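Okay, structure first, notes after.
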Amino acid sequence: MAEVDPSKMADAAIAKEPEVLNLKMSEAFDWSDDKTVVRDAIWDYFMENNNHDTVKTEEAEKPFLDMKDEDVRDWVEKNLKK
């Protein structure tokens with residue numbers, strides 16, 4: 001049985017994530033001039049809305065890793081657009 005290289009597993013997991021998570025807000029959305037990366041902006045949103053509970057924030061952010069790019073964009077538009 002062949003050994004699996006853990007770094008390739010991580011690369012494969014990252015490749016499945018929506019690309020928009022790794023873009024700056026200003027790169028992903030024409031209405032934003034924020035240089036924060038989208039995944040960090042989502043993290044900040046949840047931290048602010050759950051009394052800075054890291055465990056709750058981590059759980060709230062997990063579904064974004066399996067979403068389609070357009071679903072993440074829709075969520076950001078509805079929740080982070082000011």
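All heavy atoms count here, side chains included; hydrogens, waters and symmetry mates do not. None of these values were measured; they are calculated from a predicted model.
- The distance from atom CG of Asn79 to atom NZ of Lys81, rounded to the nearest 0.5 Å, is 12.5 Å.
- For the pair Arg39 and Glu17, the minimum side-chain heavy-atom distance is below 4.5 Å.
- Heavy-atom minimum distance, Trp43 versus Glu61: N-OE2, 3.0 Å.
- Residues Leu80 and Leu21 share a hydrophobic cluster, clusters being chains of Ile/Leu/Val/Met/Phe/Trp/Tyr side chains in contact below 4.5 Å.
- Across every non-hydrogen atom of His52 and Glu48, the tightest pair is CE1-OE2, 3.2 Å.
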Checklist entry - Given the rule in the side chain to side chain contact (heavy atoms under 4.5 Å, CB included) test, do Phe29 and Asp34 qualify, once you have shown the distances and angles that lead to the verdict? => result CA-CA 9 Å; Phe29 303 98; Asp34 190 345; over 6 Å; no
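- In the model, Asp44 has no side-chain atom that pairs as donor or acceptor with a side-chain atom of Thr36 under 3.5 Å.
- A donor-acceptor distance shorter than 3.5 angstrom exists from the side chain of Asp53 to the backbone of Val55, with no hydrogens or angles considered.
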Side chains of residues 65-72: which donor-acceptor partners sit under 3.5 Å, not counting sequence neighbours?
| residue | atom | partner | partner atom | Å |
| --- | --- | --- | --- | --- |
| Asp69 | OD1 | Glu19 | N | 3.2 |
| Asp69 | OD1 | Val20 | N | 2.8 |
| Asp69 | OD2 | Arg73 | NE | 3.0 |

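- No salt bridge links Glu27 with Lys35; every basic N to acidic carboxylate O contact stays at or beyond 4.0 Å.
- In this structure, the ring-ring contact (aromatic ring centres under 6.0 Å, His included) partners of Trp75, at least two apart in sequence or on a different chain, are Tyr45, Phe46, Phe64.
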Checklist entry - Passes salt bridge (Lys or Arg N to Asp or Glu O under 4.0 Å), Glu59 versus Lys62? Steps please. => result CA-CA 5 Å; Glu59 287 302 313; Lys62 279 183 185 178; 3.0 Å; yes
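- No continuous path of hydrophobic side-chain contacts links Val37 to Trp31 [ILVMFWY only; heavy atoms under 4.5 Å].
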